[in-house]
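Down below is the structure, laid out as structure tokens.
FYI, side chains are in, hydrogens and waters are out, and symmetry mates aren't considered; it's all heavy atoms of this structure.
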Amino acid sequence: MSDLPEQAPAAPFDVTSFDDLLPKVAELAERGDKSGLDRMTASFDALVARLELAVDGWRGAEIIPFVVRPNGRVARMTAAAADGLILSPGDDLMALLNTAGRTTFETVVADGGPERLISARILPEERTALVGIKRTETGVLARALITFWRPEIGEALRRDFLLSETETEVARALFEGLRAKVIAEIRGRSTETIRSQVKAIFQKTNVSNVLELAHIIYGLNAHPSVGAPVSAVVRSGEARVWHGSQWPVDVFCDGSPDGKPLLFMHGCLGGCRFVARARDRLASRFVIAPGRPNHGRTPETGSNWRRGPEVAAQQALSVLDSAGVRKTDLISYDIGAAGALTLAAMAPERIERVLIISCLPPMPNLSDLMAIPQQQRVFPVLSRISMRAGKALARLGGERLLEGGPEAFGSIVFAGSQADTAACKDPRVSEQFWRGHGWHTIQGPDGFFFDAALAGTAWHETLCDLSVPVTFLHGEDDASAPLSKVNSLASHVGGTVVPVPRIGHTLVHSRPELWLDLLENEAF
């Protein structure tokens, strides 16, 4: 087998880099020392470059790389992998293998051995992909070879390479990751017969192994277009819908498409999914969670990123139109409140009521930001001084989170908040936040950084006395978003605040029963 692409991430991330850099960058940013920030940014540009995964070169290509931990769990992915596979950081690759008899990761990866090809269910709709796995001195690298077969491929193999009907069927089986022995069992032939047919296929196509055959088939394969109307999405499905005629919007849908609609405008923490016990209670509802500008395939807002809430509201309306939803309950979390309140002001006739969970309120003054923990205020402060330094630090911080794993999430992100670090000791909570935040790292730093930067602006100025009922559910011990600032925002928009004692910013995942009870109460 050939080696993995040279661009694949072969070097491990130095987990101490971000920990050392954060306080230094924060000090320079808070002093407004742009020249000092520029010098420091230049000093760790090489580190950022080493972490770059050459996503643009792989997006849409047939080879999609990702990194696996020694225990077989996915650790890091490119944006192309996030777009094309069902994998997420933390997923157990072994659980998705099709190959029988391999029960441990060690049986798949040989120490220092050649790349191994396995077949795994890592594509939507239970389709398989070939996965090349190779252990290196610094970790385990993997690459997915997407096996999408169309009837036209078989026709081209018969026409251009003179394969017989039988040989074409065997070529497809090889392409989909089956071994000769398994193909023999399926076709009711001997292994020797199948191996003879494989030899003939290799000779006719002028290749020496399955990997080279796969590349020929990729050349015959036009990648399928993605996209489906939201109304057609089933429970736990994902779709890509179009805003107007040009903007793609990432959407996650859950629950029952026939249920009462619930629009979820999420924040930069926690992702677009809820913990299992919340999803169970929402199983009868149609939950729609659109992405926001600068996130995943949802396009950027350009240089004027302060238009983020307005664009997010417009895109959410487009998603509702695609789903055939005329009116919906609306909930939000964290900085998602900016888009949610903007939507309520823009189209009040489409919104039944609004529930804002752990709002990240506008903090336009440096004195506001100085009241929150350092690791959270540094990014909004940097947005005023050096976008370059902010994006670089966001990338390093995301890699730090992926490397630390779910168990380290609370101590990294919520340091200084006793309530939140305690909540993250629950693995269900820490893993949900880790996966959601890891998604930003996979897609690149812009989405997270722009979210943080938005929090440092007066994004609420155009919103006043909304006609839609708005309720803020907020923890009294939320160190990331002071309750006093939430009270001020609620007063500005004409909303009501429900304070919760001894709860921090993790409320959406650590105490879902609180907001679910409110949601089920028609009087709120």
Side-chain angles (χ1 to χ4, degrees), residues 9 11-53 55 76 268-269 294 300-306 308 334-335 360-404 408-409 411-417 437-438 440-441 443-459 479-482 485 505:
F13 179 62
D14 179 1
V15 295
T16 65
S17 299
F18 178 76
D19 299 339
D20 293 340
L21 284 169
L22 179 63
K24 296 175 184 177
V25 174
E27 180 182 355
L28 291 171
E30 289 158 16
R31 289 208 316 256
D33 187 348
K34 187 178 187 305
S35 61
L37 280 171
D38 289 342
R39 289 193 300 273
M40 177 166 282
T41 304
S43 72
F44 58 72
D45 268 350
L47 177 58
V48 175
R50 180 162 64 84
L51 294 170
E52 286 297 333
L53 304 180
V55 169
R76 189 177 300 127
C268 62
L269 290 172
N294 300 294
E300 298 182 10
T301 53
S303 58
N304 188 12
W305 53 268
R306 289 177 177 81
D334 193 73
I335 195 61
L360 196 59
M363 292 180 279
N365 302 314
L366 185 59
S367 58
D368 298 328
L369 295 169
M370 293 303 291
I372 64 177
Q374 182 185 71
Q375 70 275 14
Q376 293 166 28
R377 69 173 180 258
V378 65
F379 294 105
V381 174
L382 277 173
S383 70
R384 306 175 183 194
I385 305 169
S386 174
M387 298 285 281
R388 178 167 166 253
K391 289 183 179 182
L393 191 67
R395 178 60 185 269
L396 295 179
E399 294 286 345
R400 173 68 174 96
L401 289 173
L402 285 181
E403 190 72 19
F409 186 89
S411 61
I412 297 172
V413 174
F414 293 118
S417 173
H437 206 70
H440 289 283
T441 299
Q443 299 290 349
D446 288 4
F448 165 74
F449 180 68
F450 286 159
D451 280 347
L454 181 63
T457 68
W459 55 261
S480 305
K485 302 298 295 181
H505 200 68

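A donor-acceptor pair under 3.5 Å is formed between the side chain of Gln375 and the backbone N or O of Ala415.
Note: Leu37 CG to Glu27 CD = 10.5 Å, rounded to the nearest 0.5 Å. Atoms CD1 and CG, on Ile335 and Leu454 in that order, are 4.5 Å from each other to the nearest 0.5 Å. Here CD1 of Ile385 is found 8.5 Å from CG of Asp33. Values are rounded to the nearest 0.5 Å. Atom CG of Leu369 sits about 5.5 Å away from atom CE of Met363, to the nearest 0.5 Å.
Of all the heavy atoms in Ala479 and Ser417, the pair that sits closest is CB-CB, 3.8 Å. Nearest heavy-atom pair, Arg384 versus Gly456, reported as atom, atom and distance to 0.1 Å: NH2-O, 3.0 Å. Closest non-hydrogen pair, Trp459 versus Leu360, comes out as CZ2-O, 3.7 Å. Of all non-hydrogen atoms in Ser383 and Ala453, the two that sit nearest each other are CB-CB, 3.3 Å. A pairwise comparison of heavy atoms in Pro482 and Ile372 identifies CD-CG2, 3.9 Å as the closest pair. The shortest heavy-atom contact between Lys485 and Pro362 is CE-O, 3.7 Å.
The only option from Leu393, Asp38, Val25 that meets the side-chain contact (heavy atoms from CB on, under 4.5 Å) definition with Ser386 turns out to be Asp38.
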Worksheet item: Run the side-chain contact (heavy atoms from CB on, under 4.5 Å) check on Arg377 and Gln374 step by step: do they pass?
Response: CA-CA 5 Å; Arg377 69 173 180 258; Gln374 182 185 71; 4.0 Å; yes
Discussion item. Under the criterion side-chain contact (heavy atoms from CB on, under 4.5 Å), I'd like the reasoning laid out for Leu28 against Arg39: C-alpha separation, chi angles, the key distance, then a yes or no.
Written reply: CA-CA 11 Å; Leu28 291 171; Arg39 289 193 300 273; over 6 Å; no
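Note: Phe379 and Phe449 have perpendicular aromatic rings, judged against thresholds of 30 and 60 degrees for the angle between ring planes.
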